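Below, chains carry the letters A, B, ... as their sequence lines are ordered, and counting in each starts from 1. Treat the numbers as computed from the prediction; the structure is a model and nothing was measured.
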Amino acid sequence: MNPVLRGAAIYIFLLIVFRIMGKRSLSETTTFDFILLLIISEVTQQALVGKDFSLTGSTILIGTLMCMELLFSAIKSKFPVFDKILEGEPMLIVDRGSPLKRRMKKSRVDEEDILEAARQSFGLERMDQIKYAVLEKDGSISIIPYDEFR
Amino acid sequence: MNRKTEDKAETLKLPADMRLTERSWKVQRLGWSLLVIYIVMAAIGLFGTGVLSNKRVQSADYSIKYERFGRYEMPQEFRILAPAVNGQVEISVPQEFTGHYGIASITPEPQSQSIRGGQIVLQFPADSTSLLVMQVEAEKPGLHSTTLAVNGKPFTISQFIYP
């Protein structure tokens, strides 16, 4: 099959799958998540390359993936609505010390994840020291502590 | 701009050569265009597996379908359609062919294989027009021109193999 078509198809499929899986799947929180991502990359390589060991084939595949990147970033800048659809938006999950339970449940984030992020970034100890917590586009959690705990 | 460094953010000691940055932006945009052209060429088949690459050599009931362009060690097919003559289809291929291509399989398998006068001769018993599919992989890049004979009729297959 034409390497350009293969590259474009895999790129779009991965884009859709990761969007469907939600933000938390992108951030490697445990070793297992990391290994899972590695396995996905192995399978992707197999599907893309197949039995084509030529230099030309590889350069075409890499070029295709880069062109897809260019294409999508051009689409996102011309039509900002696609940026929201494709990347999502940052979302508040803790408001002045109280966790927003429904949002956390839907994004598959639990209080432990938030407290872990709080410990790692500011050395905070408790939920009530957190002024705001935001689930960012890339799946990571950013913490804004109350001023006295900075 | 005569200055090499920017006057912005003077307290932050950054060596900002905007001329170089402007030029590298231009080079980047040029690079993007070249990349897109390369990919479009690949998509239409100029490097194999695509519309521009499919080629058919035809004469009366005989036809050979192959690709004008291929890539090093890329699996590809030669599809040979030929009528049966004297109860068989005979294909003869010059010996150098095996130097340039590795033959992965021939479907159906020939009943007999022999070497006559520097040609590899394959015979397939058949009773009517038959399709033979050769799975090959090019082992060397470059332009390869092969004249093979089907039931004695010569056909020239010319293929450019990219590295």
> For a quick test of reading the model, state the closest non-hydrogen atom pair linking B/Arg71 to A/Gly57 and the distance between them.
CD-N, 3.6 Å

> Under 4.5 Å between side-chain heavy atoms, counting indirect links through other Ile/Leu/Val/Met/Phe/Trp/Tyr residues: same cluster for B/Ile120 and B/Ile91 or not?
yes

> Spell out, yes or no, whether B/Ile103 and B/Val89 are grouped together once hydrophobic residues are joined by side-chain heavy atoms under 4.5 Å, including indirect joins.
yes

> Is the shortest heavy-atom distance from the side chain of B/Tyr38 to the side chain of A/Thr59 under 4.5 Å?
yes

> Which heavy atom in B/Ala42 sits nearest to a heavy atom in A/Val4, and how many Å separate them?
CB-CG2, 3.6 Å

> Quick one: are A/Met66 and B/Leu35 in side-chain contact, heavy atoms under 4.5 Å?
yes

> Output yes when a side-chain donor or acceptor of A/Thr56 lies under 3.5 Å from a complementary backbone atom of B/Pro163, and no otherwise.
yes

> With no hydrogens and no angle check, is any side-chain donor or acceptor of A/Asn2 less than 3.5 Å from a backbone partner on B/Ala43?
yes

> Would a 4.5 Å heavy-atom cut-off, applied to side chains only, mark A/Ile60 and B/Phe47 as touching?
yes

> Top residue by heavy-atom pair count (under 4.5 Å) with chain A, among B/Val40, B/Val36, B/Thr49?
B/Thr49

> Does atom CD of B/Glu109 have more than 12 heavy-atom neighbours, drawn from other residues, nucleotides or ligands, at distances under 6.0 Å?
no

> Could you see if A/Ile40 belongs to whatever hydrophobic cluster contains A/Ile20? Use Ile, Leu, Val, Met, Phe, Trp, Tyr and a side-chain cutoff under 4.5 Å.
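Hydrophobic grouping puts A/Ile40 with A/Ile20.
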
> More than 12 foreign heavy atoms under 6.0 Å from NZ of A/Lys106: is that the case here?
no

> Just verifying a value: how many Å separate A/Lys51 NZ and B/Glu73 CD, rounded to the nearest 0.5 Å?
12.0 Å

> Going hydrophobic residue to hydrophobic residue with side-chain gaps under 4.5 angstrom, can you get from A/Ile143 over to A/Val134?
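Each belongs to a different hydrophobic cluster.
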
> Picking from A/Leu55, A/Leu5, A/Leu71, A/Leu70, which has the most non-hydrogen pairs under 4.5 angstrom with chain B?
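When all of A/Leu55, A/Leu5, A/Leu71, A/Leu70 are compared, A/Leu70 has the most.
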
> Honestly curious: do B/Val133 and B/Leu81 fall in one hydrophobic cluster under the side-chain, below-4.5 Å linking rule?
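They do share one cluster, since a chain of ILVMFWY contacts under 4.5 Å joins B/Val133 to B/Leu81.
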
